[in-house]
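For reference, the structure discussed in these notes is given below.
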Amino acid sequence: KLVHVNSGDELNVVFSQLVEHFRSKGSPVMMGGDQDCSSKGVFGTKEENGEKFLLIIDPHFVRQGAEPTAERLIDEGWIKWMNLKEFMSTSFYNLALPQS
């Protein structure tokens, strides 16, 4: 299932749809945009103190050297909770929600 939003500002509108997707399907969501052209893996949602976040795992990580630890991946920003306010208001986004 593809979900399109015209702007990062509209992610708030589809947030409940993402919450339901993770609850019922449990599969990751792939996300990409035009101005924000870095593809993202979305692996979860959370609401905290009235703010909404997506758990982003950057698929562009390239291992160099020792096996990376979760701490390293988080510290370097490869895995992070991203506030919906951080997405570009000038970019559209497409979200691919696997159904099986």
Side-chain angles (χ1 to χ4, degrees):
K1 177 179 181 177
L2 289 176
V3 175
H4 174 82
V5 294
N6 292 315
S7 164
D9 296 336
E10 292 180 14
L11 288 169
N12 194 48
V13 175
V14 299
F15 187 79
S16 62
Q17 193 172 350
L18 293 170
V19 170
E20 177 58 23
H21 170 79
F22 288 116
R23 188 196 66 71
S24 65
K25 304 294 184 191
S27 61
V29 171
M30 289 307 299
M31 179 178 189
D34 63 340
Q35 296 296 314
D36 180 359
C37 57
S38 178
S39 57
K40 298 162 181 54
V42 183
F43 283 75
T45 60
K46 79 171 178 177
E47 289 188 67
E48 188 174 86
N49 299 321
E51 301 287 328
K52 296 177 181 175
F53 300 84
L54 299 180
L55 180 58
I56 302 295
I57 298 181
D58 189 330
H60 301 98
F61 175 78
V62 176
R63 179 180 168 183
Q64 296 176 353
E67 185 77 25
T69 63
E71 182 178 353
R72 174 182 163 206
L73 295 171
I74 292 167
D75 288 347
E76 293 180 6
W78 298 103
I79 300 172
K80 63 184 174 182
W81 285 105
M82 194 165 170
N83 191 310
L84 293 189
K85 294 176 183 176
E86 296 177 64
F87 289 91
M88 294 178 67
S89 62
T90 57
S91 181
F92 73 72
Y93 290 94
N94 289 316
L95 299 100
L97 289 69
Q99 298 300 294
S100 59

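The model shown is predicted, which means the values in this text are computed figures rather than measured ones.
Using a 4.5 Å cut-off on side-chain heavy atoms (C-beta onward), Val5 and Val13 make no contact. Side-chain contact between Gln99 and Ser27 is absent, with no heavy-atom pair separated by less than 4.5 Å. Within the 4.5 Å cutoff, the side chain of Phe15 has heavy atoms near those of the Glu47 side chain. Here the side chains of Phe61 and Ile79 are not in contact, with every heavy-atom distance at 4.5 Å or above. Contact check for Leu73 versus Ile57: no side-chain heavy atoms found under the 4.5 Å cut-off. A 4.5 Å side-chain heavy-atom check between Phe87 and Met31 finds at least one atom pair inside the cut-off.
Rounded to the nearest 0.5 angstrom, Asp9 CG and Ser91 OG are separated by 11.0 Å. Thr45 OG1 to Gln17 CD: the interatomic distance, rounded to the nearest 0.5 Å, is 12.0 Å. To the nearest 0.5 Å, atom CD of residue Gln35 and atom OG1 of residue Thr90 are 5.0 Å apart.
In terms of heavy-atom proximity, Glu20 sits nearest to Arg23 at OE2-NH2, 2.6 Å. Closest non-hydrogen pair, Trp78 versus His60, comes out as CZ3-C, 3.7 Å. The shortest non-hydrogen separation linking Gly41 to Pro59 is N-CD, 4.1 Å. Residues Leu54 and Leu18 share a closest heavy-atom pair of CD2-CD1, 3.9 Å.
The closest donor-acceptor contact from the side chain of Tyr93 to the backbone of Met88 lies under 3.5 Å. Checked by atom type and distance alone, the side chain of Asn49 never pairs as donor or acceptor with a backbone atom of Glu51 at under 3.5 Å.
Neither Phe53 nor Leu95 shares a network with the other; the hydrophobic side chains, linked directly or stepwise wherever heavy atoms of I, L, V, M, F, W or Y lie under 4.5 Å apart, form separate groups for each.
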